[in-house]
Amino acid sequence: MASTTKFIEVERHDGGVGLIRLNRPHKLNAWHGAMRDEIIATLQAFDADAGIRAMIMTGAGERAFSAGQDLEEAHGFDVASSATWIRSWEHFYSVLRGLTKPLVMALNGTAAGSAFQVALLGDVRVGHPGVRMGQPEINAGIASVTGPWIMNLMLGMSRTIELTLTGRLMDAEEACRLGLIHHLVDAAQVLPRALEVARELAAKPPVALRLNKQRFREMSQASFEDTMEAAIRLHKESYASGEPARMMEAFFQARGHAAPGRDATN
């Protein structure tokens, strides 16, 4: 069974598996507020559905799981809107962290910036050799706060500093070696393998699974809350400097067109 909203495709698979497919391939599945709202609503619906025991998130097309934040929307952000923007991300991440059922990330391509973070907030990640992952916000003049928090939980401070300050993207082999990708398969096998993993998880005792996920969340909740407060404080300073706006203007000019307004919804 499948259905389509404006920005995502939703499917139900045998074995109690629900699937979300990010569906803006012409934008490398980059997300804006309206798309994130659809993802959140679907995740919450799946989590409340007794017929769904595990979930998968993937992207449409072959190039990207998601390029992260749509810069056409982010271009208009300023000091006044930065706190509201961070609170919207806090809600998105809280929903991901609060899921009672397992979430498998089927990485069909690059996961960059906030999409890298979202991928790491899943429980199991399946990818292929063409996948790249990383935290390139510094290259757009944007302070990175939530990304380093997530990376530090998984990789430790030394690698987190290096990845944050360079903004480089790791290839799939490195990400797998570091434990960020759990199953590395041929591109054509990413979704089949993700479905296999999701069905295996769906068959686990549900109360034990839910309590395990609850405890994982509890172990990092205090630092998550501190991180979101830090993000508001540091993004306010970042946007007050004007650096993000200058860097994004240069980004769009380098691609031969003027920077758009903030209300892009395509």
Side-chain angles (χ1 to χ4, degrees), residues 22 29-37 39-40 43-44 57 65-99 103 105 111-122 133-170 180 216-249 251 262 264:
L22 312 177
N29 298 319
W31 40 44
H32 44 48
M35 184 179 181
R36 290 194 300 274
D37 287 345
I39 296 168
I40 289 168
L43 287 171
Q44 291 176 323
M57 189 183 300
F65 169 73
S66 172
Q69 173 64 45
D70 186 340
L71 293 183
E72 292 187 1
E73 179 183 64
H75 178 264
F77 292 161
D78 54 22
V79 174
S81 60
S82 62
T84 300
W85 183 50
I86 294 299
R87 290 303 183 197
S88 74
W89 283 101
E90 181 178 20
H91 177 56
F92 187 19
Y93 287 5
S94 292
V95 169
L96 287 162
R97 286 169 48 78
L99 294 173
L103 176 59
M105 297 297 188
S114 58
F116 174 52
Q117 298 169 34
V118 167
L120 295 188
L121 289 173
M133 306 176 75
Q135 194 68 42
E137 272 89 341
I138 193 168
N139 299 323
I142 299 173
S144 188
V145 183
T146 53
W149 169 73
I150 298 170
M151 286 191 289
N152 191 43
L153 289 176
M154 298 189 174
L155 299 174
M157 185 61 77
S158 177
R159 185 57 62 100
T160 295
I161 291 172
E162 187 264 334
L163 289 170
T164 303
L165 297 186
T166 63
R168 71 180 181 88
L169 298 182
M170 295 172 283
L180 301 182
F216 293 147
R217 181 175 68 257
E218 290 172 350
M219 290 167 65
S220 57
Q221 183 61 25
S223 62
F224 173 68
E225 293 172 3
D226 176 73
T227 294
M228 300 316 298
E229 294 302 321
I232 290 173
R233 171 171 51 85
L234 295 176
H235 279 277
K236 181 178 180 180
E237 181 175 346
S238 176
Y239 280 99
S241 75
E243 187 171 79
R246 291 194 300 271
M247 295 300 295
M248 279 188 266
E249 188 72 33
F251 172 86
R262 65 174 297 177

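Owing to the predicted nature of the structure, the values given are computational and were not obtained by experimental measurement.
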Q: Check whether any side-chain N or O of His91 sits under 3.5 Å from a backbone N or O of Ser94 as a donor-acceptor pair, and report yes or no.
A: no
Q: Any chance you could measure Met228, atom CE, to Tyr93, atom OH, to the nearest 0.5 Å?
A: 7.5 Å
Q: Does this structure show an ion pair linking Glu137 with Arg168, if we count only N-O contacts that are shorter than 4.0 Å?
A: no
Q: Test Ser223 against Trp149 for side-chain hydrogen bond (donor to acceptor under 3.5 Å, both in side chains), laying out the working first.
A: CA-CA 8 Å; Ser223 62; Trp149 169 73; 2.9 Å; yes
Q: Going by the angle between their ring planes, with limits at 30° and 60°, are Phe92 and Trp89 parallel, tilted or perpendicular?
A: tilted
Q: Between Val145 and Thr227, which heavy-atom pair has the shortest distance, and what is it?
A: CG1-O, 3.7 Å
Q: Within the distance-only criterion (no hydrogens, no angle test), does the side chain of Ser66 pair as donor or acceptor with the backbone N or O of Asn29 below 3.5 angstrom?
A: yes
Q: From Met154 CE over to Leu121 CG, what is the distance, rounded to the nearest 0.5 angstrom?
A: 6.5 Å
Q: Calculate, to the nearest 0.5 Å, the distance between atoms CG and OG belonging to Asp226 and Ser220 respectively.
A: 12.5 Å
Q: Could you give me the CA-CA distance, side-chain angles and deciding distance for Met133 and Leu120, then say whether side chain to side chain contact (heavy atoms under 4.5 Å, CB included) is met?
A: CA-CA 10 Å; Met133 306 176 75; Leu120 295 188; 4.3 Å; yes
Q: The test is side chain to side chain contact (heavy atoms under 4.5 Å, CB included); show your working for Leu22 and Ile39 and say whether it passes.
A: CA-CA 8 Å; Leu22 312 177; Ile39 296 168; 3.5 Å; yes
Q: Check Ser238 against Gly141 and note the closest heavy-atom contact, atom names and distance.
A: OG-O, 3.6 Å
Q: For Arg36 and Ser88, work out which heavy atoms get closest and say how close.
A: NH2-OG, 3.9 Å
Q: Indicate yes or no: at least one non-hydrogen side-chain atom of Ser144 is less than 4.5 angstrom from one of Ile138.
A: no
Q: If you draw a 6.0 Å radius around CD in Gln221, do more than 12 non-hydrogen atoms from other residues or ligands fall strictly inside?
A: yes
Q: Carefully, step by step, assess Arg87 and Ile232 under the rule side chain to side chain contact (heavy atoms under 4.5 Å, CB included).
A: CA-CA 8 Å; Arg87 290 303 183 197; Ile232 290 173; 3.2 Å; yes
Q: Starting at CG of Leu180, measure out to CZ of Phe116 and round the result to the nearest 0.5 Å.
A: 5.5 Å
Q: Could you tell me which non-hydrogen atom of Pro136 sits nearest to which non-hydrogen atom of Gly113, and how far apart they are?
A: CD-N, 3.4 Å
Q: Check the pair Met57, Leu43 against side chain to side chain contact (heavy atoms under 4.5 Å, CB included), reporting the backbone distance first and the verdict last.
A: CA-CA 10 Å; Met57 189 183 300; Leu43 287 171; 4.3 Å; yes
Q: When Met151 is tested against each of Thr146, Ile161, Leu163 for side chain to side chain contact (heavy atoms under 4.5 Å, CB included), which residue passes?
A: Leu163
Q: Taking side chain as C-beta onward, heavy atoms only, is Gln135 less than 4.5 Å from Thr160?
A: no
Q: Should Phe216 and Arg97 count as side-chain neighbours, where that means a heavy-atom distance under 4.5 Å?
A: no
Q: If you take all heavy atoms of Ser114 and Trp31, which pair is closest and at what distance?
A: OG-NE1, 2.9 Å
Q: Calculate, to the nearest 0.5 Å, the distance between atoms CG and CD1 belonging to Leu155 and Ile150 respectively.
A: 11.0 Å
Q: For a 4.5 angstrom cut-off between non-hydrogen side-chain atoms, does Met105 reach Val118?
A: yes
